[in-house]
Every structure is written in structure tokens, then in C-alpha cells.
Engineer: 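One structure, pasted below without further comment.
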Amino acid sequence: MAASNATEGLRGAGAMVKKASGWFIAVAVLFILLGIFAIAEPFAAGLGVTLLVGWLLVIGAVAHFFAAFKGHGAKHVILQLVVGVVYLIGGLYFLTHTIMGVGTLTLLLSGVILAEGVLEILAYIRLKSMHGAGWLLMNGIVTLLLGGLIWFHWPSSSVWAIGTLVGVNLLMTGMSRLMVGLAARKLASEGL
């Protein structure tokens, strides 16, 4: 009796995994298609990212305005209002000056990538005696080159940088999720 209940439970779990993995696979395919589009049309994808950042900043501003009046004293209210105004100005800038916003985000992105490259090289210097630390150095050098490429070719790099990087990220995310979804479906069909 207990064995049959356990078998039914496994079948039910397998069916749930198959259904969930189907949705997982569908979302993965959507990510792959969006990634291909972003790589094929990097400037359009960059505009989309800029609009998304603009809306997120506006929503963040509203959240800060609400948080300002939670009753934590005058300093808290003033700080939340100032941060909310900065978020609102940034969000409205990206929403109303989208093309210039792509350029601004590209310049910011190149600075972040350059900083990441420096940090990777510093990590290598601290950990160079560890097995595989050479990968940190290689990643740091490639990251510095990418950040430098974007920085030195700015503002013309604004046309391709954000959209291409987002596209590659979406494509890789989609591929990895697709592989996980297919593996889960295979395990479910084999009876867990």
C-alpha cells in the first residue's frame, strides 16, 4: 500500500516537473529570440534598455517619495525626498532624451567594465598562487580591453555596446535555461 502511494507520488511529481519544464523551455526560447533580436538590432535594444532604466528610476522615485513619509524623523524625510528627486530627474532624462540616454548609459557601462577588469587583475595578484588563477588574469585583461574599446570609441560605441551586450546576455541566459529545462524534462521522463 505504501509502495503504491510512493509510486503515485513520483508520477505526480514527474508530471509537475514536465509541466514546469515546459514553461521553463518556453521562457528560454523567448530569451533566445530576444537575444538574437538585440544582437541583430543593437541600437533598438539599447533604446529599449534606456527606456526600461528610465521607468525603473521613475518607479524608484515614487517609492522614495512614499518612504519619506514613514515617520522616521526630519533627516529621513529630507534624505528620501532628495534621493527621490534625483531618481525622478534621472528617470525623466532617460525617458525624454532616449538617444542621449543611450550614450550616457554606454559611458557608465564602460566605466563599470573598466573597474571590473581592474578588480579582476587585483584578484589575480592576490590569488596568483592558487590553481586556475590565470583565468582571473585573462578575464581581467579581456574585460579591460572591452571596457577600453567602449570608452575610447564613445559616443559611436553607443550604437552597438548596450544592445549587443544585453543581446549576448539574453542569448546565453536562454541557452543555459533551455539546457536546464531539457535536462529536467529528461529526468522527469526517466522517472526521477
Side-chain angles (χ1 to χ4, degrees), residues 23-65 80-125 132-182:
W23 281 105
F24 205 71
I25 290 168
V27 170
V29 169
L30 179 63
F31 278 171
I32 291 169
L33 293 174
L34 288 172
I36 291 170
F37 170 76
I39 292 168
E41 294 291 338
F43 188 66
L47 289 173
V49 168
T50 302
L51 289 172
L52 176 65
V53 168
W55 280 111
L56 290 174
L57 286 171
V58 168
I59 292 167
V62 170
H64 279 283
F65 292 146
Q80 291 297 323
L81 287 175
V82 169
V83 171
V85 167
V86 170
Y87 272 45
L88 185 61
I89 290 170
L92 291 176
Y93 168 76
F94 285 129
L95 293 173
T96 59
H97 300 90
T98 311
I99 293 175
M100 289 183 354
V102 172
T104 303
L105 284 177
T106 302
L107 193 58
L108 179 65
L109 176 69
S110 67
V112 169
I113 291 173
L114 284 167
E116 180 187 354
V118 169
L119 292 174
E120 287 287 334
I121 292 171
L122 291 175
Y124 164 75
I125 291 169
W135 288 104
L136 289 172
L137 179 62
M138 187 178 90
N139 185 32
I141 291 170
V142 169
T143 303
L144 274 178
L145 289 173
L146 177 62
L149 176 73
I150 295 169
W151 182 278
F152 291 117
H153 290 281
W154 186 85
S156 66
S157 61
S158 302
V159 174
W160 61 266
I162 290 179
T164 302
L165 293 174
V166 167
V168 169
N169 183 276
L170 285 169
L171 184 64
M172 296 308 296
T173 298
M175 293 298 289
S176 66
R177 298 313 185 264
L178 179 63
M179 294 302 118
V180 169
L182 291 173

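Along the sequence shown, residues are numbered consecutively beginning with 1.
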Engineer: Can you give each donor-acceptor pair under 3.5 Å made by side-chain atoms of residues 164-178, sequence neighbours left out, with the distance rounded to 0.1 Å?
Structural biologist:
{"from": "T164", "atom 1": "OG1", "to": "W160", "atom 2": "O", "distance (Å)": "2.6"}
{"from": "T173", "atom 1": "OG1", "to": "N169", "atom 2": "O", "distance (Å)": "2.8"}
{"from": "S176", "atom 1": "OG", "to": "M172", "atom 2": "O", "distance (Å)": "3.3"}
{"from": "S176", "atom 1": "OG", "to": "T173", "atom 2": "O", "distance (Å)": "2.9"}

Engineer: If the condition is ring pair (Phe, Tyr, Trp, His ring centres under 6.0 Å), which residues does F37 pass it with, not counting sequence neighbours?
Structural biologist: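 Ring pair (Phe, Tyr, Trp, His ring centres under 6.0 Å) check on F37 returns nothing, list empty.
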Engineer: When you compare the side chain of F65 with that of V85, does any pair of heavy atoms fall below 4.5 Å?
Structural biologist: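 The answer is yes; the side chains approach within 4.5 Å.
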Engineer: Evaluate L144 against L114 for side-chain contact (heavy atoms from CB on, under 4.5 Å), listing each step before the verdict.
Structural biologist: CA-CA 5 Å; L144 274 178; L114 284 167; 3.9 Å; yes
Engineer: Measure the OG-CG distance between S158 and L107 for me, rounded to the nearest 0.5 Å.
Structural biologist: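 Interatomic distance, S158 OG to L107 CG, rounded to 0.5 Å: 8.0 Å.
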Engineer: Walk me through whether E116 and L119 qualify under side-chain contact (heavy atoms from CB on, under 4.5 Å).
Structural biologist: CA-CA 5 Å; E116 180 187 354; L119 292 174; 5.7 Å; no
Engineer: Give the minimum heavy-atom separation between L51 and F94, together with the two atoms involved.
Structural biologist: CD2-O, 4.4 Å
Engineer: Check A45 against G163 and note the closest heavy-atom contact, atom names and distance.
Structural biologist: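 Looks like CB-CA, 3.7 Å.
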Engineer: Can you list every side-chain hydrogen bond (donor to acceptor under 3.5 Å, both in side chains) pair that touches residues 95-108, not counting sequence neighbours?
Structural biologist: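 Counting only pairs at least two positions apart or across chains, the side-chain hydrogen bond (donor to acceptor under 3.5 Å, both in side chains) contacts touching residues 95-108 are Y93-T104.
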Engineer: Could you pull out the closest heavy-atom pair between I150 and S110, with the gap in Å?
Structural biologist: CG2-CB, 3.5 Å
Engineer: Out of curiosity, L57 CG to H64 NE2, how far, rounded to the nearest 0.5 Å?
Structural biologist: 9.5 Å
Engineer: Out of curiosity, I36 CD1 to E41 CD, how far, rounded to the nearest 0.5 Å?
Structural biologist: 13.0 Å
Engineer: Looking at L145, I want to see if its CG is surrounded by more than 12 non-hydrogen atoms of other residues, nucleotides or ligands under 6.0 Å.
Structural biologist: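 Count over threshold, so yes.
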Engineer: Examine distances only and state if a side-chain atom of T143 and a backbone atom of G117 form a donor-acceptor pair shorter than 3.5 Å.
Structural biologist: no
Engineer: Hey, does I162 have a side-chain heavy atom less than 4.5 Å from the side chain of F43?
Structural biologist: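 No, every pair of side-chain atoms sits at 4.5 Å or beyond.
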